[in-house]
Amino acid sequence: MERLRCAVERITFQSEETGFTVLRCRAGGFQDLITVVGNMPEIHAGSILQLEGEWRMDSKYGRQFSVSAFEETLPATVYGIEKYLGSGLVKGIGPKYAHRIVQAFGAETLDVIEENPERLLEVPGIGKLRVERIRKSWAEQKEIRNIMLFLQSHDVSTGHATKIYKTYGAESIRVVTDNPYRLADEIWGIGFRTADTIAQKLGFERTRKERLQSGIKYTLNRLADEGHCFATEEQLLRTGEEMLEVEPAMLESVLRGMTESGDLITEEFNADNGIPERAIYLPPFYHAEMGTAKRLRELFQGRPSVAVRPEGLEMRIQRRTGIQYDEVQLQAIRTAADSKVLVLTGGPGTGKTTTTQGIIAAFRESGARILLAAPTGRAAKRLSEATGMEAKTIHRLLEMKPPEGYQRNAENPLEGDVLIVDECSMIDIMLMYSLLRALPDSMTLILVGDVDQLPSVGAGNVLSDVILSGAFPVIRLTRIFRQAQTSRIIMNAHRINAGEMPDLSNGRDTDFFFIDVEKEMKGKGLDTSEAGGVAEEAARTVLELVQQRLPRHFRVPPGEIQVLTPMQRGPAGAANLNLLLQEAVNPGEDGLRRGGIRYGKNDKVMQIRNNYEKEVFNGDIGFVQAVNQEDRSLTVNFDGREVSYDVTELDELVLAYATTIHKAQGSEYPVVVMPVLMSHYMMLQRNLIYTGVTRAKRGAVVVGTRKALAVAIRNVNIRRRNTRLAFRLGTAGKEEAGG
């Protein structure tokens, strides 16, 4: 085993999941930079490392120092001090001020910052405000370093340690020592597995009650992330047994205790095959499902605050809007006027927007106060443009105010007569319940959406369940209007939805293109037998399309071209495509790094969790507007709103040159590029391809193989979600009403 001391010049790669890192370092006795590899989470440029390991020869990358153990120390040389401070680790000091400070104080620099920070006023350009920021940041870093020493000895990354410190402050070590499983329950981004690793290092028994309780909650939350409102007891015990490696009887005992204490809620029901099952809910999901069913029935049975005069309604509406409606659209307008709850659904080009305009006209004529909403900012903006009225996101409509929550609720309901909500396939059970709680019984609710799209990212299948229940009027628009028939995007979307192969003939004037990767590879004399080789060729084609061909053809900048892919992983997955596209569209070294990803100015990024304080939500896309190396922060522009992120918050962002199709729900892009390959086999299903194609406005390009496309279109075996909403609205609702 060899020992090596080195200074980190730059970070080539870093995986947030595993901590695996590739560094380029300067070390004594070596003229050129050396490559260092190993598990070294959250190392900064400028860090001085003491390494233990051995030299190895990698067939692809050459000679590397493979690390088995490392320790981060404060730099001892003037060069190292400047590099360390210039890394942005201390807020208020970037590369420029690091150089000036080190020029002024040399080897004593760190002692000056530690013991006499007021002496920094001697440095040109540094004033009292900056000194205070440096002093505060240095104190925080010192406190964090003490916690780091404790946590890193228990395999906790710097990023997680920072989050722990932000949450618990000086209490961090006590909290972690008493019950590390609190981290999984209380801190976003720290899951059960991380907490479990810490607990094992601290000597917690595998059978400890806190561990089993946290593991059960983790399993239920993971299932919720997959769309389930509950787990069956058999499903939960099987998954928990595998993950926790304990006897089923022990898990059953803890489960019983959590139910008795109210930490979980259970409910008996009969499965489709008649076999009795037990549903196990986390309380928020149970109350959301029960509350959604109750509020929808109450709304439906309530008296409307505004009556629409039925005589001559059709003629009045057509005169008012200047639109000639067909019989199904007129039926939708009449039903909206008569019913307290209506679902309006249909695919692209079937007239959902014009029908919505007719419904608005009918209510406006009667003097009704109309509210418009949609789940995302982009969907709300489109609804506003289509209707000429203000449309808000549901979160804004409900006046979300952290940390108190929604200001509009049962005690302070919305003011209005009619609420029209667009893109309802995106609404999960939690958001629907929050919305319904804020509606007065007199309000009319119109739910608009395409039920054939993918269900919501969050738990539940609300729009589908409301339709399936049969409890409310549903109007389904199926006729494709003549102007829409000229778009092959729309016509192919309907063919896909009907289980037919789309028209792949291409042509100069079409807006839908198919690039057969295998055919192109054969033309180049390349082997198509390996799925990985086909995926790599597809990735190269996507890169060429976004960088060169599509901007010329559609006359749009690359930033307006969205790559949508079925999966995160693999050569044609979102993670790899983002790295390739970033290098092609926005290359450079400047920016902030986290988890091996660089976030530079003009990068396209996506928020991946709801952050109510910042008012940005899962799936929102923006562009990095500015990077502040001294503050270790950046500013993202989300459709005109500027939002600031500290470097420790960057795990809420991902690059968004490519996203999964699931994340694109409710959004619309000028041009969409979509790889569809057999390497995506696990995700290939009809509604996924349908959703991806319908995101495109001016152009859709499918890059893949005919076989993969055919497999997806044939596959309608959509994984069912555990939800009881349809039952509660249908059979259960009738039973409660005495029907």
Side-chain angles (χ1 to χ4, degrees), residues 323-324 326 346-354 378 382 385-386 450 452-453 477-524 537-538 540-565 572 581 584-585 657-658 661 664 667-677 686 688-710 712-713:
I323 298 168
Q324 193 71 34
D326 70 11
T350 57
K352 287 197 303 295
T353 301
T354 52
R378 290 191 169 199
R382 285 208 315 278
E385 288 167 354
D450 185 347
D452 295 317
Q453 284 185 32
L477 304 174
T478 55
R479 177 190 163 201
I480 306 170
F481 283 85
R482 194 170 62 217
Q483 59 268 37
Q485 291 176 17
T486 61
S487 166
R488 204 180 288 177
I489 290 173
I490 290 173
M491 298 307 291
N492 276 343
H494 285 276
R495 287 174 71 103
I496 290 165
N497 203 29
E500 302 169 15
M501 280 292 280
D503 180 352
L504 305 180
S505 59
N506 295 335
R508 288 188 67 156
D509 299 325
T510 185
D511 57 3
F512 185 99
F513 300 89
F514 176 69
I515 296 177
D516 189 328
V517 179
E518 288 183 341
K519 187 177 177 182
E520 296 222 338
M521 288 178 74
K522 285 172 183 173
K524 297 175 184 176
E537 181 65 22
R540 282 191 287 271
T541 303
V542 167
L543 204 61
E544 185 189 342
L545 285 165
V546 175
Q547 198 176 7
Q548 299 167 20
R549 290 161 64 179
L550 294 178
R552 283 200 306 265
H553 184 83
F554 287 104
R555 293 181 181 164
V556 294
E560 291 189 22
I561 299 167
Q562 187 61 50
V563 178
L564 302 179
T565 180
L581 288 162
V585 174
Y657 298 100
I661 298 169
S667 294
E668 194 176 73
Y669 311 99
V671 182
V672 163
V673 180
M674 188 165 63
V676 180
L677 304 156
R686 186 183 298 173
L688 187 90
I689 305 302
Y690 173 76
T691 301
V693 169
T694 54
R695 301 307 89 209
K697 193 173 181 182
R698 291 178 52 198
V701 184
V702 176
V703 178
T705 67
R706 290 173 185 269
K707 181 181 177 182
L709 198 53
I713 292 167

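The figures here come from the full heavy-atom set of this structure, side chains too, leaving out hydrogens, waters and symmetry mates. Keep in mind it's a predicted model, so treat the numbers as computed, not measured. One is the number of the first residue; the rest follow in order along the sequence.
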Locate the shortest heavy-atom distance separating L709 from P502; write the atom from each residue and the value. CD2-CG, 4.0 Å
What is the minimum heavy-atom distance between H494 and T350, and which atoms define it? CE1-CG2, 3.7 Å
For V556 and L550, what are the C-alpha separation, side-chain angles and deciding distance, and is it a side-chain contact (heavy atoms from CB on, under 4.5 Å)? CA-CA 8 Å; V556 294; L550 294 178; 5.8 Å; no
Find the distance between CG (N497) and CD1 (I713) and round it off to the nearest 0.5 Å. 10.5 Å
Please check this pair: side chain of R495 against backbone of E500, looking for a donor-acceptor N/O pair closer than 3.5 Å. no
Rounded to the nearest 0.5 Å, how far does CG of L477 lie from CG of D326? 7.5 Å
Nearest 0.5 angstrom please: Y657 OH to L581 CG, how far? 8.5 Å
Heavy atoms only: give me the nearest P348-T694 pair and the separation to one decimal. CG-CG2, 3.7 Å
Tested for side-chain contact (heavy atoms from CB on, under 4.5 Å) against I496, the lone hit among M501, R686, M491 is R686
Heavy atoms of I689 and A712 approach each other most closely as CG1-CB, 3.5 Å
With a 4.5 Å cut-off on side-chain heavy atoms, are R382 and E668 touching? yes
Just do the side-chain contact (heavy atoms from CB on, under 4.5 Å) check on R549 and I515 with the steps written out, would you? CA-CA 13 Å; R549 290 161 64 179; I515 296 177; 3.9 Å; yes
Can you check whether P675 reaches V563 side chain to side chain, under 4.5 Å on heavy atoms? yes
Let me confirm one number: the CG-CZ distance from L504 to F512, rounded to the nearest 0.5 Å. 6.0 Å
Y690 OH to Q453 CD distance, which is reported to the nearest 0.5 Å: 6.5 Å
Polar side-chain atom of S667 near backbone of R378 as donor-acceptor pair, under 3.5 Å: no
Which is it for R706 and D516 under the side-chain contact (heavy atoms from CB on, under 4.5 Å) test, yes or no, and what are the steps along the way? CA-CA 7 Å; R706 290 173 185 269; D516 189 328; 3.6 Å; yes
Atom pair CD/CG of E518 and L677 - distance to nearest 0.5 Å: 9.0 Å
Which pair of non-hydrogen atoms, one from I489 and one from K697, has the smallest distance, and what is that distance? CD1-O, 4.1 Å
For D450 and G347 the tightest heavy-atom approach is OD2-CA, 3.6 Å
Which pairs would a plain distance check flag for residues 541-548, meaning a side-chain donor or acceptor within less than 3.5 Å of a matching protein atom at least two apart in sequence or in another chain?
| from | atom 1 | to | atom 2 | distance (Å) |
| --- | --- | --- | --- | --- |
| T541 | OG1 | E537 | O | 3.0 |
| Q547 | NE2 | A584 | O | 3.4 |

Between the side chain of R488 and the main-chain N/O of N506, is any donor-acceptor distance below 3.5 Å? yes
Assess the residue pair I561 and F554 against the criterion (side-chain contact (heavy atoms from CB on, under 4.5 Å)); give the C-alpha distance rounded to whole Å, side-chain angles, the decisive distance to 0.1 Å, and a yes or no. CA-CA 10 Å; I561 299 167; F554 287 104; over 6 Å; no
